[in-house]
Amino acid sequence: MRELHAVIVGAGMAGVQTALELRQQGWRSPVTIIGAEPHAPYDRPPLSKAVLLGGSGDALLDATFDVDFAALGVDLRLGVRAEALHAAERRLATDGGPLDYDRLVLASGAYAASLPGTEGMPGVYPLRTLDDAAALRPVLEARRRVVVVGAGWIGAEFATAARQAGCEVTVVEAAERPLAGVLPASVTAPMRGWYEEAGVGLRTGTPVASLEPGAVLLADGTRLPADAVIVGIGARPATDWLAGSDVVLDAQGAVRADDRLRTTAPDVFAVGDCASFPSARYGTRMLIHHWDNAVQGPRTAAANLLGGDLRYDPVPYFWSEQFGRFVQYAGHHAAGDTLLERGDPADPSWSVLWLREGTLVAVLAVSRPRDMAQARKLIARSAVLDPAVAADPAVPLKAAVR
């Protein structure tokens with residue numbers, strides 16, 4: 001009897017974790033991973049959290065996964081890019097030749113969004129890959145004048161690293177405030193002060209009009225001198241190669257997976273940054289570009305690939321280190337949810353809770369890890385809180401459960 005062949009497209013966290021889960025859950029047949037980058041698989045969080053801040057070149061190596069693929073019985077093919085999927089033939093077209101599969105997992109990740117017209121422009125950098133981080137290290141070491149486009153999570157993290165390296169840093173944001181697309185104004189208001197405190201210039205409400213050698217031109221006519229421009233305006237699912245296949249994409253270009261992480265093509269699953277899935281917990285389809293999703297999703301995908309029937313409905317979680325603060329977020333909130341402050345945002349540590357008809361659905365914790373540890377458990381079990389008790393930062397969150 002012919003052995004079944006599992007192929008994984010993508011050698012990032014989601015792809016590698018899927019291979020590990022397949023082996024741990026009992027898949028004994030061949031496994032092949034293809035990765036577009038030539039580097040050994042590596043973890044992305046250290047690119048902004050350690051590689052840029054690291055004092056030695058070993059920081060680049062420290063991001064590499066400690067996985068013995070040969071011992072695991074996994075055929076790892078690096079520098080191989082997926083080009084098309086022929087689901088009827090169960091065949092993957094790659095720039096290294098065709099690859100047949102019996103089970104396929106899409107873990108192709110996402111790529112950094114770019115400013116229109118700046119592709120390949122000297123002095124303009126994204127921060128998504130190991131090569132991106134390696135290219136930016138000399139910029140920080142030379143203490144150049146840096147303009148960061150985008151005051152989101154990645155923009156703030158890079159600005160933190162650049163300031164610690166001694167660079168002159170200005171962050172430009174088209175929206176009226178930092179993190180405008182993900183957090184309400186009352187929560188982001190104190191974050192503006194973090195930039196000033198760190199000596200980082202922050203220009204909000206003014207889009208970039210164009211770039212020229214050595215400068216960023218803003219829509220209001222301001223010309224900002226820049227030896228380097230770092231673009232941190234989000235990421236897009238790396239799914240263009242699936243055009244014309246049986247795999248349906250959603251409006252954001254992500255693979256439209258179901259709650260078992262199955263795609264619309266037979267025996268094809270999707271995990272990580274390239275896939276969205278429906279959440280019964282939050283009543284919406286979710287596309288999560290964070291590390292925790294790349295770790296949790298493969299457990300479900302591997303189990304279902306092996307014949308299981310597990311639903312994927314996690315409590316999303318991520319963290320960010322910026323301007324001397326450890327910022328964590330768990331859950332998912334909507335505009336109609338009740339916002340509850342837990343502590344004073346002017347203090348070094350505080351939290352914000354979101355309640356939906358009394359049920360805790362999300363939390364943002366700034367240097368309050370205990371709040372986060374308890375909140376994640378409470379959100380997972382849909383705990384109902386007493387708002388008056390939960391608002392007291394001196395009381396453990398678990399004590400606020402009704």
Side-chain angles (χ1 to χ4, degrees), residues 151-153 156 175-194 234 252 259 276-293 295-297 300 311-323 325-402:
W153 301 113
E176 294 297 328
R177 52 191 175 81
L179 295 167
V182 293
L183 294 173
S186 60
V187 176
T188 61
M191 296 178 178
R192 181 180 290 273
W194 298 357
Q252 300 177 81
D259 60 0
S276 67
F277 59 90
S279 169
R281 184 190 307 276
Y282 293 108
T284 188
R285 176 164 287 272
M286 306 189 76
L287 174 60
I288 303 173
H289 285 178
H290 295 300
W291 184 90
D292 196 61
N293 179 53
V295 172
Q296 292 197 61
T300 300
R311 173 183 290 175
Y312 187 59
D313 198 4
V315 175
Y317 168 78
F318 73 92
W319 76 98
S320 177
E321 296 174 76
Q322 50 186 268
F323 307 120
R325 294 165 176 85
F326 185 46
V327 185
Q328 298 170 283
Y329 179 92
H332 176 75
H333 69 272
D337 296 331
T338 300
L339 188 150
L340 190 66
E341 291 186 353
R342 181 173 163 82
D344 187 347
D347 292 339
S349 63
W350 47 277
S351 297
V352 174
L353 312 177
W354 284 269
L355 306 181
R356 187 172 300 173
E357 297 179 354
T359 298
L360 181 65
V361 295
V363 59
L364 174 80
V366 178
S367 300
R368 285 184 69 93
R370 183 172 296 179
D371 276 4
M372 178 55 61
Q374 294 183 18
R376 291 180 73 179
K377 296 176 182 178
L378 297 177
I379 294 170
R381 63 186 179 93
S382 301
V384 176
L385 304 187
D386 181 326
V389 178
D392 186 347
V395 178
L397 263 182
K398 61 184 179 182
V401 177
R402 282 181 164 171

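- For R325 (side chain) and S367 (main-chain N/O), no donor-acceptor pair under 3.5 Å exists by modelled atom type.
- In this structure, the side chains of W354 and L339 come closer than 4.5 Å at one or more pairs of heavy atoms.
- One finds the CZ atom of R192 at 11.5 Å from the CG atom of L179 (value rounded to the nearest 0.5 Å).
- Counting only heavy atoms from C-beta outward, the side chains of L355 and P387 approach each other to under 4.5 Å.
- For R281, there are no salt bridge (charged side-chain N to carboxylate O under 4.0 Å, His left out) partners, not counting sequence neighbours.
- Screening I288, D259, D313 for a side-chain contact (heavy atoms from CB on, under 4.5 Å) with S279, the sole residue that qualifies is D313.
- At least one donor-acceptor pair under 3.5 Å links the side chain of D386 to the backbone N or O of A388.
- The local environment of CZ in R370 is sparse, with at most 12 non-hydrogen atoms from other residues, nucleotides or ligands closer than 6.0 Å.
- For the residue pair A330 and R376, the shortest heavy atom distance occurs at CB-CG, 3.8 Å.
- At least one side-chain heavy atom of F277 sits less than 4.5 Å from a side-chain heavy atom of N293.
- Side-chain atoms of R285 come within 3.5 Å of backbone atoms of S276 as a donor-acceptor pair (strictly under, hydrogens ignored).
- Ring geometry, W350 versus W194: the interplanar angle falls from 30° to 60°, so the pair is classed tilted.
- Not a single donor-acceptor pair under 3.5 Å links the side chain of D392 to the backbone N or O of V389.
- The closest side-chain heavy-atom distance from V363 to R368 is not below 4.5 Å.
- Using a 4.5 Å heavy-atom cutoff, the side chains of W153 and V182 are in contact.
- P178 and T188 get closest at one heavy-atom pair: O-CG2, 3.2 Å.
- Between M191 and F323 there is no side-chain heavy-atom pair separated by less than 4.5 Å.
- The shortest distance between side-chain heavy atoms of H333 and L183 falls below 4.5 Å.
- Considering all non-hydrogen atoms of both residues, L360 and A375 come closest at CD2-O, 4.0 Å.
- Contact between A180 and A175 at its shortest, heavy atoms only, is CB-CB, 3.6 Å.
- The CG atom of D371 lies 8.5 Å from the OG atom of S349; values are rounded to the nearest 0.5 Å.
- Of all heavy-atom pairs spanning Q296 and Y312, the tightest one is CB-OH, 3.5 Å.
- Listed by chain and number, the residues in a salt bridge (charged side-chain N to carboxylate O under 4.0 Å, His left out) with D344 amount to none (sequence neighbours excluded).
- Using the six-membered ring where Trp is involved, F318 and H290 have ring planes that are parallel, under 30° apart on the 30 and 60° scheme.
- No side-chain donor-acceptor contact under 3.5 Å links Y317 to the backbone of M372.
- Residues P316 and M286 form a side-chain contact, since some pair of their non-hydrogen atoms from C-beta on lies under 4.5 Å apart.
- In this structure, R311 and A280 approach most closely via the heavy-atom pair NH1-CB, 4.1 Å.
- Proximity of a side-chain donor or acceptor of Q322 to a complementary backbone N or O of A156 within less than 3.5 Å is not detected.
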Could you walk me through whether L385 and L340 satisfy the side-chain contact (heavy atoms from CB on, under 4.5 Å) test, starting with their C-alpha distance in whole Å, then the side-chain angles of each, then the deciding distance to 0.1 Å, before giving a yes or no?
CA-CA 11 Å; L385 304 187; L340 190 66; over 6 Å; no
